[in-house]
Amino acid sequence: MNLDRLMSFENNIRDRFNLEGRVAVITGASKGIGAAIAKGLAEFGASVVVSSRKLEAVEAVAEEIRSAGGKAHAEACHVGDPLARKELITNTLNHFGSLDILVNNAAINPYYGPFDTISDEAFYKTFQVNLDAVRALSNLAASHMKKEKWGSIIHLSSIESFHPGKGMGVYSLTKATLNMLTMTQAKEWGREGIRVNAIAPGLIETKFSAALTDNASIMRHIEENVPAGRVGQPEEIAGLAVFLASDAGSYCTGSIYTVDGGFMLTGAL
Ligand SMILES: NC(=O)c1ccc[n+]([C@@H]2O[C@H](COP(=O)([O-])OP(=O)(O)OC[C@H]3O[C@@H](n4cnc5c(N)ncnc54)[C@H](OP(=O)(O)O)[C@@H]3O)[C@@H](O)[C@H]2O)c1
């Protein structure tokens, strides 16, 4: 790590959360957890590149951030598209001049059902977006971060990575492999100044999880068994992302952090 850039330990803990002068890219940031993380990082001073497949949708989030006094730029990027990934990183460097934080948040779950009846197409597509795109985008960001000996990469995993949720085996498989990618990257890139961590949310109320949160029996299970007694909100993930992105988290690398209201203490769904 470029220790010259690390904030002095004489600074108070509040200062160590300051992201002024840092540039962050967040994928899948038009809504849900990605949008909440983009807003959170911007609130702490980072210049954020808000990205998803739909330019209009990310432009709206970027405008919201700018109206609140933050620095934001919108970029369309389908993370499964190699050319779009390259452009996302190049355009970030051209627009804001650096890249310090990458949040790999975009993911898909196109199939609910038994593990053995998913089509090959859906199987590989889930891996392409949830794992391969994360690997490739991290490599692109790391090639810049290595030159600076400085960077924080955050992946969005899931509690499904620790146990297969009913009908979500393939999604669970991609997220479990993402955990190993997190640890591998952290180990290989640590001496290059790059920290890599993952956040594993429990059930968070977003469009992505609507099939679960609209299910009365699942909601009853959550209310009766999960210590928090409720599902989470996207904003409840943003604080940890700010911590991991900032100097407050400077000794954190290679870990998978659950944010799940205690869900892991209960049985699987
Ligand atoms: N919600 C939960 O309960 C939960 C739990 C555990 C983990 N997670 C993880 O948290 C992350 C965010 O989920 P969320 O619940 O916030 O989902 P969400 O509200 O549905 O948002 C998904 C975001 O990803 C974008 N996206 C989808 N496919 C994309 C692609 N191929 N390329 C680029 N962007 C793409 C969407 O925007 P566009 O449509 O504009 O592209 C949207 O901005 C995911 O990694 C998910 O696995 C969620």
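Below, all heavy atoms of this structure are taken into account, side chains as well, without hydrogens, waters or symmetry copies. Remember, it's a predicted structure, so these values are computed and weren't measured experimentally. Both ligands and their constituent atoms are indexed starting at 1 by order of listing.
In this structure, ligand 1 sits under 4.0 Å from heavy atoms belonging to Gly28, Ala29, Ser30, Lys31, Gly32, Ile33, Ser52, Arg53, Lys54, Cys77, His78, Val79, Asn105, Ala106, Ala107, Ile108, Leu156, Ser157, Ser158, Tyr171, Lys175, Pro201, Gly202, Leu203, Ile204, Thr206, Lys207, Phe208, Ser209.
Relative orientation of the His95 and His73 rings is parallel, given thresholds of 30° and 60° on the angle between their planes.
No hydrogens or angles considered: a donor-acceptor pair under 3.5 Å links the side chains of Asn130 and Thr174.
Panel note: side chain Asn105, backbone Gly28; a donor-acceptor pair is recorded below 3.5 Å. The backbone N or O of Val23 sits nowhere less than 3.5 Å from a side-chain atom of Ser47 that would complete a donor-acceptor pair.
Annotation: side-chain hydrogen bond (donor to acceptor under 3.5 Å, both in side chains) contacts involving residues 245-259, sequence neighbours excluded, comprise Arg22-Asp247.
Glu223 has no carboxylate O lying under 4.0 Å from a charged side-chain N of Arg220, or vice versa, which leaves the two without a salt bridge.
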